[in-house]
Amino acid sequence: MSIAEFFAPERVVMLKRSTKQGAVNELVRALCASVPELDRAAVTTAIWDREQLFSTRIAPMIAVPHAQLPDLEGSYIAVGKSRRGIEYDARDEQRVHLVFLLIGSEDNHLKVLSELARLLQRQGLVQRLLTAAGRREMYQLLTEPAPREAGTGESRTATVVGEYAGQLAERVEARVVMVHGESANVGLLANLRRQGRSVVLVGTEDQGDQIDESLYDHHLLVPFKGLDRSNQVEITMLMALSKGLIHKGDKVVNVFGLTGSQLDTIVLSDVARDFKLFFSMPLQGQQDGLDQQVFMRAMQIMAELAQEGREGKAVGTLIVLGDYEHVKTHCQQMVINPFQGYDESERNILDPSLTETIKEFSRIDGAFVIRGDGVIMSAGTYLRINHAVTGLTPGLGARHTAAAGITMDCEALSICLSESTRQISLFRSGERIMVV
Ligand SMILES: Nc1ncnc2c1ncn2[C@@H]1O[C@H](COP(=O)(O)OP(=O)(O)OP(=O)(O)O)[C@@H](O)[C@H]1O
């Protein structure tokens, strides 16, 4: 899916009104004028109904009011910029300057929302939108392919590392080579394809427009940037395993550099040896089908929480993903479930406008319980554990014990953010299978 297809030049608006209602109505007008099948009254009602549930401000200066309309085919985005800023919601004094209005079909609304959120994370884009001279420039910025980052040229070192990676893959008969996209070089990709390796291009953003698609077999997106080298490989391998791109008997060569820099590292993995525990994970489309994007979003929110904390303080929290049928038998509310009463479509972790709410609720004691398809079933939940949890690293307390314990009793995966160390741990079958 390319997010560019949902924009249109006539739906870029320089907003005149500085109230939330005025600005949103300007966008609804522009959207409905551009898409005749949209009924303005229905769009307005759907948007405001959604807005009453949670504010759709997703970042200090950005809001994404959105709604699904039954029977609508396709999704449409109108974008507005306000130079003066809009008083968007009472809880935040900072004004919103960019408003993205999204109306979507029920089928892929959340996926489009998620793509839009990813686009807005593209380095420097928001700043360039804010300083863009006019509507045409804004449209170009929103629809242009992701720029390749500095340092992606093929330096001598990168070329040599690429050559060695190719030779190593050949010598050990690695079936798969994962080339980390921001530093990928075209020569290496072409060489690996010639050798008949399965080539996976790994990136944090969609780079399909920059590198010829015929040079790789799969494109894998990892949820966050800025990892150190060992975490980069572990997360990538985990993602690739969960997507079925690599298998138990494979040898895999990873070629990468630190995010944004050139190729300088080669790591050879024997999947069966290095990822023993993974093979009991529920991520592979069985059990209750834990959606890949849901797992990635949960990891991303945890990573952001680890970095940002709340109001200057570190926070700890716990997310339990998947196998809800069994997990629910272990759940007891510590406080009233804040998601109670909301429709399932209004409490899906894939909805970026919920991110702030989820982060805010991370301060509540207890766990988030999330179904495999991303629907948040509860927060502030106490998990009753039936087994004695032994063998945890000394120093890990009740939160980590609950995170491990629930995965002994259920086929769920749990992600635990430690308040004291800010480390993110992944638990499966009672074991801590990864620490970031
Ligand atoms: N059974 C449980 N189910 C859900 N949440 C729990 C459970 N037990 C503890 N918690 C959460 O963990 C918090 C206490 O964490 P504690 O500091 O004891 O654990 P920890 O593993 O050392 O975590 P951290 O590294 O974040 O301090 C509680 O305030 C509560 O929010």
Side-chain angles (χ1 to χ4, degrees), residues 224 227-228 231 234-235 277 282 288 290 294-295 297-340 347 349 354-372 374-436:
F224 41 93
L227 297 169
D228 66 25
N231 280 327
E234 269 197 86
I235 296 243
L277 277 164
D288 89 343
L290 175 50
V294 170
F295 172 59
R297 174 54 60 86
M299 287 295 279
Q300 187 176 20
I301 291 175
M302 287 302 224
E304 288 172 7
L305 266 175
Q307 274 161 18
E308 299 161 5
R310 290 316 270 172
E311 292 178 1
K313 287 200 200 125
V315 284
T317 192
L318 170 58
I319 294 181
V320 182
L321 290 173
D323 196 20
Y324 181 64
E325 281 310 301
H326 292 109
V327 171
K328 73 179 177 195
T329 63
H330 295 260
C331 292
Q332 193 176 320
Q333 279 311 117
M334 297 173 95
V335 292
I336 292 173
N337 173 14
F339 290 98
Q340 198 175 343
R347 50 184 163 103
I349 191 173
L354 277 188
T355 306
E356 270 309 302
T357 307
I358 296 168
K359 288 181 183 171
E360 196 53 37
F361 289 164
S362 69
R363 291 202 275 195
I364 305 176
D365 270 348
F368 289 89
V369 177
I370 298 181
R371 221 168 53 190
V375 175
I376 306 170
M377 305 310 288
S378 59
T381 307
Y382 179 81
L383 303 167
R384 271 181 281 105
I385 306 303
N386 299 333
H387 294 91
V389 178
T390 52
L392 271 189
T393 310
L396 298 182
R399 193 188 328 269
H400 290 81
T401 305
I406 193 71
T407 67
M408 291 166 88
D409 290 334
C410 309
E411 292 288 303
L413 182 77
S414 64
I415 312 175
C416 185
L417 169 62
S418 164
E419 184 179 345
S420 42
T421 65
R422 297 195 174 203
Q423 280 184 326
I424 300 166
S425 304
L426 229 70
F427 289 89
R428 167 70 194 142
S429 302
E431 306 246 12
R432 197 182 190 202
I433 59 172
M434 198 167 88
V435 184
V436 183

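Every number for a ligand or one of its atoms is a count from 1 in the order of the listing.
Using a 4.0 angstrom heavy-atom cutoff, Thr381 counts as in contact with ligand 1.
The existence of a salt bridge linking Arg310 and Glu356 is confirmed by a sub-4.0 Å separation between a basic side-chain nitrogen and an acidic carboxylate oxygen. Ion pairing between Glu360 and Arg363 holds under the 4.0 Å rule for side-chain N and carboxylate O.
Between Ile349 and Leu354, the closest side-chain pair of non-hydrogen atoms is not below 4.5 Å.
In this structure, the protein non-hydrogen atom closest to atom 22 (O) of ligand 1 is Gly397 N, 3.0 Å. Closest protein heavy atom to atom 17 (O) of ligand 1: Arg399 NH2, 4.8 Å.
Near Gly366, meaning under 4.0 Å from one of its heavy atoms, ligand 1 places the atoms 4 (C), 5 (N), 30 (C), 31 (O). Close contacts of ligand 1 with Glu419, meaning ligand atoms under 4.0 Å from a residue heavy atom, involve 24 (P), 25 (O), 26 (O).
Counting heavy atoms closer than 4.0 Å to ligand 1, residue Ser418 contributes atoms from both its backbone and its side chain.
Remark: side-chain polar atoms of Ser429 are not paired, donor with acceptor, to backbone N or O of Met408 under 3.5 angstrom.
Across Ala398, Cys416, Ala403, Ala367, heavy-atom proximity to atom 8 (N) of ligand 1 is greatest for Ala398.
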Report, one line per pair, each donor and acceptor closer than 3.5 Å where one atom sits in a side chain of residues 374-382; sequence neighbours left out.
from, atom 1, to, atom 2, distance (Å)
Ser378, OG, Thr381, OG1, 2.7
Thr381, OG1, Gln333, OE1, 2.8

Cut-off 3.5 Å, no hydrogens considered: what does the side-chain donor-acceptor table look like for residues 397-404, sequence neighbours left out?
from, atom 1, to, atom 2, distance (Å)
Arg399, NH1, Gly316, O, 3.4
Thr401, OG1, Gly397, O, 2.7

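Checking atom 25 (O) of ligand 1 against the protein gives a heavy-atom contact under 4.0 Å.
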